[in-house]
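First up is the structure itself, then whatever we jot down about it.
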Amino acid sequence: MEKVLFAHVDNPQQHRIETYLAAGGYQALPKILREYKPDDVIDLIKKSGLRGRGGAGFPAGMKWSFVPKTSPKPKYLCCNADESEPGTCKDRVLMESDPHLVVEGIIIAAYAIQAHQAFIYIRGEFVFPAARMEQAVEEAYARGYLGKNILGSGYDLDLVVHTGGGAYICGEETALLSSLEGDRGLSRIRPPFPAIEGLYGCPTVVNNVETLANVPLIVNRGVDWFRSHGTEKSPGTKIFSLSGNIKRPGNYEVDLGTPLSYIINELGGGVPDGRTLKAIIPGGSSTPLLLPHQIDTPLDFESVAQAGSMLGSGAIIVIDDGACMVWTAMKLINFYQHESCGKCTPCREGTAWLKQLINRIEDGNGRPGDIDLILDICGNIMGRTICPLGDAAVMPTESIIKLFRNEFEYHIEHKTCLVKTSYPLA
Amino acid sequence: MILSGDTIRQIKARMDRYPTRRSAILPALTAAYRQVGHLNPAIYREIARVMDVPYIEIAEAASFYTMFPKHEVGRYLIQVCHNISCSLRGADNLIAYIESKLGIALGETTSDKLFTLISVECLGGCSAAPMMQINDTYYENLTRARVDEIIAQLRTEAGQDGG
Amino acid sequence: MAENGGNTVTLTIDGRQVTVPKGTTVLEAAQSIGIDIPTFCWHPKLDSIGACRMCLVDIEKMPKPAVSCATEVAQGMVVSTTSDRIVAARKGVLEFLLLNHPLDCPTCDKGGECDLQDITFKYGTDKSRFAFPKLRIIDEHTKTTFDDKRIGPEIIRNMNRCVTCFKCVRFNKEIAGEYDLGAYQRANHTVIDAAPGEQVDNIYSGNVVEICPVGALTNTDWRYKVRVWLTKQADSISPHDADGQNIKLWYDHRRIFRATSRRNDAVDEGWICDLARYGYQFIDSPDRLMSPLIKRQGRQVAATWAEALELVARRFRDIRDKKGSVCIAGLSGGNQSAETMALFNRFFRTVLRSNSVDYRLDYIDLKDGEITEAYNCLYTAPFQIAELEQADAALVFASNFIKEHPIVNLRLRKAVRKSKARLFTANPVETKSADISVDELIYRPDTETAFVVALLHALIDQRLYKNCPDGRAMELQSRLSPSSLTEAAGICGIEVERISSLARQLASAQNPFILAGDYLTASTQRYQIGNALYNLANLLGVPDGKAIILASHADSIGAERVGLRPALSADLAGRLAEAWKEPIPDSTGLNTSQIFRAILDEEIDAVMILGANPAMRYPDGPFVNAALDKLDFLVVADLFETATTAKADVVFPLAGWAEQDGSFVNLEGRQQRFQRALPPKAEIKTGLEIIREIAETMGEPLAGDDAALRNETERLVSSWVRRPRVMDKFYDVKPAPPVGHEGYPYRLLVGNDLHHVGYLTEHCPSLIRFTREPYVELSPSLAARLGVDEAALVRVESTTGRLVLPVRISEQFDGDVVFIPNNFAAVEVNTLVSRDGGGWVKIERLDE
Ligand SMILES: Cc1cc2nc3c(=O)[nH]c(=O)nc-3n(C[C@H](O)[C@H](O)[C@H](O)COP(=O)(O)O)c2cc1C
Ligand code: SF4
Ligand code: FES
């Protein structure tokens, strides 16, 4: 299968602008500035069918087209490199290995929406990737790809690398904007959508790193080429982060629509010897689980949804029979409780209550009725929060209980675990 | 003054790059954390003065972001990921191993003030689990042997610097 | 779908059609037809954040419930507030909020007016499914639970009761622009607290207690006093400033328990300052004067009303009849009710037949006669607080705004926040408006006129004037002194470019305002500044109501309108005479400073003072005290013993505003009524009673009852005619040269402390908690030069007096300007202030 985003992932020098240029980099940008009006770029990306890689799969060109063209306010582009969804570690690889691809994508997207200021919001722990991006940005300035009058086109763009402070919620686009404005990373109600009133109250587009990295490729190689990868409704390739109980974990780029089994078995080598596959989280910790019999599900937005889950950020977490599912649910809910921004009631209070309940079941102190109580609380969170973090906490929790209710019941009844999870340290 | 001239310069340079001063709050906290190793109200006050932003806004923002310790920590802050992908590959045992190796529990600092051990949520190293971050550096695909090696190396580094 | 009208939208809520203006929220649309949607985080005057999720409603075609508080209505929308899903969602949210709530309603001061309690009764279930010990939020530093932590002089926070609606923090930052209360941490560890190591002590702090929907924020004032349902409420107006804050007094037959806001969108929009909130407490002070006093052999002793009245009546009659009417004068504080001032005026002019009456007892020494016509015109401008919202630019001049006009300040902040008004300030020291000002200009003390003249030059030089032919402008310029922009700018110490730029920005604004304040009354410039400002407003084409010198006291404008000033316009004199059915005496009346001078010149023998303390507050303490001491007969009616009552031959115990019905006329000229909450205690009498009884005892009773007086006053106030600003009229301007004093290098500014205005507030325990004692405030640089730290004692000395005070260091001060509040009985600040040149002082460190 053709690697496109990862075409140069193995070249240790790819992060240098010289290498990037030698490999055909920064050819899309001059072409755009010379031949495309901003609206043409939006059209191009619309035609390509590129969908957001940050989780929701929203069509990128469409998002850009929401930015009001006549608004006198400045416009902003934010590249979302917060990458904090458990299981997800792909943007980091792109930023480390091919930062200029991301920078070039940002410049083109910014031009399309006529932003003159763009930001890359990188999670604070990513010190090394941030340094790589910072260096790439400096190099791009030095060569005139950023700054005033880019390549003599009259178009100006400044790009700032901004690092976070340890908060998953800041990957959620409105919380990201709050954080970028210097506030606590609290999410905000929509409408107004960021495209209308985002950063500093101005029209703003937020796109994932991988989404933007696709943009120069589409410009260089055309819509038809792009659509030759993936499926009709989910064109292109996608990087999947494969983690958990798997022989060869890693980041793999495949066409969208590739069967899950191919990644798990062919690329990942299957679960460790002597183990059997128990469940798969297909799209990052926020998505419902799939069972082994669903392993042939094609990995595109529609098919995964049809299978009852979501493609999400493309983080496949493989769980084998060594894991207790109460324990798994506990690991996940502890995370969501810790990361709730605390602004809206259902998420703030609900995740905390769920955490207490699931931990008590895991600790052997569960009570009859707890399982239904959990499901009821999930119902009181789902769809009633400001941002999707509440839903993200509920979806895997509900799904695990639905699929593995017996393990919860066993815990409550026997005050102990059916499986006794303990993965040794090598 | 706690903040060094260099840190202040960094903060000021940052402020110039944003449409509003307040946007530089997080970069300022980061710069201060890099220099001092933790954050506290005295530092917020200095940042507020440098940035000409209300002190409380610095304090509020800092309190939200968990990456910055709010109390003094050891020279090396060991942050072990305990989220799902790492846990499926032995993170709990990794924590236990480091605890016994350093003779401290989670949240504690060794008596020589060299190491503080905490567990954290997903660090985006899932495909190379289990993993940890020590100060700014990621250590991935950890094994007992690798942990021994890392700790030994840091001890040597500290020793060479005179503790 | 048919749009009706264009500016309205019709929708259906719970099967009922409603038509509302575009932009209305679903919540407000529902409220407008009496459909109750429960809320916690919504507030009509705050931006909606949709956080509590209590107000969810179902809207047809929307997959998820929507927050009605932040969803705008749309044509044809179909809303349900009672669907099964919504009922369940509400129950769910309530259950979440109650999880860790301590349910300590019986001991909680919010009981009876708590949204959580009320909404739970209405929408909640009675069974708790939460089987964990309640989370007691623990302070990570003190390891104590968050039950009752004092986070400000008045405010106590109980985090366990908090529903995390963020209203308090939003009010503080959005509306008040204060930065002492914040939200910290995240998730269910979110806490509300003061800034680390600091206190919530801003001037608006009490509002957060009022808007907190639960008992998470309460105040000392109200705690453990009474349950709400055992109280009655009286509508009132704050007596402490000229803005006219609408308040409600909560009382029973014995005492007042608290004051809260009483939203009036034309004035305060429901926000009040802490002076309005806690400033009622003096009424209950144990230090109140309880009976009349008469001076016998040099000592004041308690007397009966009959004795005191008899004495006053006899002496007034004697002096009037033997020495002449001109030998008697009357002074009233600016916060007596309009009715009291009207009667006082009538008593003096018709019974004592003296025109020497005045209410201006502040730092304004009118030695050259009256303030100018231009000044008076600006002072009485038909300004409307609410109109400020439409301002696109404003110059706030010579006013520490937040101290003087807390409500105008909030409106101005709103203009900046909502309409992006460009605010400029020009003051002798930095003010709290720095955060919202485009430019904060600091002029040298006593150069107010030079500053305005510089602006005039800048306007004329750049030909930015409106409604004025070039020739006229050139001619005006030739009449200005200093004669050029450079020279004038040099005098006030501001860069020429900043003044030019200010001129450009004001001139280019569509709807600029000019507001000037109390620094003028204390400046040597006060004779000329009115002329300069008049010219400025005219050159900029600022309409009459949008350029104003703001009045200082609750009823200053009331006093003007009922004629409590020596010189009256022909119109007012005519109407007074008609109302009183008696002619106004034709003698020349004297103003406050002329009265004191006349006493020393032995031309005035008797003075009556109503609710004022000039011995402490009138400039040049030695001078005014000498005058008061010299008086043959001094009558003072007041609530407390003061330096002025101490000199009186007769002292009457005077009722406070809350002990009587009346009205104040605020700086807009808006007459607002206040109701009596309590009858005066013991032998205390109202000003009206005292005046009437003196007249009666003199055998010359004032006709008409209180109702008649009320009507008469209302008529006087509402039909008062002012000569409007003449838009093409210009005055000569010649600023008085700044006076320095050899050997006294620091310019002293005197005025209100943030939490004390006038001597009454010193009798309010809550306000005392904010500022206990007087101080001298100075700049960090001056403190460094003097070698003093915060709280060190210094001696402050002028040519007329000296004081010893602790130091406060303030970043807002720069250079050699210092400040002393004049609201503390313990220090007679006026001893430092001279009549002609304000105050120049030297400061020395006291060693231990
Ligand atoms: C809790 C939460 C966390 C998120 N974290 C990320 C993230 O780390 N990176 C990311 O690109 N998108 C993240 N998203 C999705 C963003 O809100 C947003 O949809 C995305 O950045 C849009 O980019 P795209 O259209 O290119 O996918 C998160 C969403 C939620 C609700
Ligand atoms: S203290 Fe009161 S006003 Fe403030 S967030 Fe809590 S409940 Fe809301
Ligand atoms: S009142 Fe609407 S969400 Fe709180």
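Every chain is numbered from 1 and lettered A, B, ... according to where its sequence line falls, protein lines coming before strand lines. Please read these numbers as outputs of a predicted model, since none were measured by experiment.
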Closest non-hydrogen atoms of C:Pro65 and A:Gly383, given as atom of the first, atom of the second and distance, are CD-O, 3.9 Å
Among A:Gly379, A:Ser187, A:Gly185, A:Cys341, the residue with the most heavy-atom pairs under 4.5 Å to chain C is A:Cys341
Most heavy-atom pairs under 4.5 Å with chain A, out of C:Ala88, C:Pro63, C:Cys52, belong to C:Cys52
Q: Might you confirm whether atom CG of A:Asp372 has over 12 heavy atoms from other residues, nucleotides or ligands at distances under 6.0 Å?
A: yes
Honestly, the part of C:Ala66 sitting under 4.5 Å from a heavy atom of chain A is neither
#### Entry: Verdict with reasoning, A:Lys343 to C:Arg186, per side-chain contact (heavy atoms from CB on, under 4.5 Å)
CA-CA 8 Å; A:Lys343 185 169 178 179; C:Arg186 66 189 193 199; over 6 Å; no
Against chain C, residues from residues 189-204 of chain A with at least one heavy atom under 4.5 Å, in numeric order, are A:Ile189
Is any side-chain heavy atom of C:Phe96 less than 4.5 Å from a side-chain heavy atom of A:Ile381? yes
Those residues at least two apart in sequence (or on a different chain) that pass side-chain hydrogen bond (donor to acceptor under 3.5 Å, both in side chains) with A:Asn380 are A:Arg384
Nearest heavy-atom approach of C:Ile49 to A:Ile386 is O-CD1, 4.0 Å
The interface call for A:Ile377 against chain C, heavy-atom contacts under 4.5 Å, is both
Whatever's closer than 4.5 Å to a heavy atom in chain C on A:Thr385 counts as backbone
ask   = If you count the non-hydrogen atoms of other residues, nucleotides and ligands that lie under 6.0 Å from NZ in A:Lys415, is the total more than 12?
value = yes
For A:Asp376, the salt bridge (charged side-chain N to carboxylate O under 4.0 Å, His left out) test, sequence neighbours excluded, returns C:Arg129
**Prompt:** Would you say the side chain of A:Arg184 lies within less than 4.5 Å of the side chain of C:Thr190, judging by non-hydrogen atoms?
**Reply:** yes
Looking only at A:Ala167, A:Gly369, A:Pro346, the option with the highest number of non-hydrogen pairs under 4.5 Å against chain C is A:Pro346
- Message: Within the supplied structure, the quantity of interest is the number of heavy atoms (other residues, nucleotides, ligands) at a distance under 6.0 Å from C:Lys45 NZ; does it exceed 12?
- Response: yes
Okay, C:Leu56 and chain A: the region with an atom under 4.5 Å from a heavy atom over there is side chain
Bottom line for C:Arg90: the part with an atom under 4.5 Å from chain A's heavy atoms is neither
(message) For A:Gln306, is the CD atom crowded, meaning more than 12 foreign heavy atoms sit under 6.0 Å from it?
(response) no
Applying a strict 4.5 Å limit to non-hydrogen atoms, the region of C:Phe40 in contact with chain A is neither
Only residue of C:Leu98, C:Leu99, C:Val93 satisfying side-chain contact (heavy atoms from CB on, under 4.5 Å) with A:Glu349 is C:Leu99
With sequence neighbours left out, the residues meeting side-chain hydrogen bond (donor to acceptor under 3.5 Å, both in side chains) with A:Asp391 are none
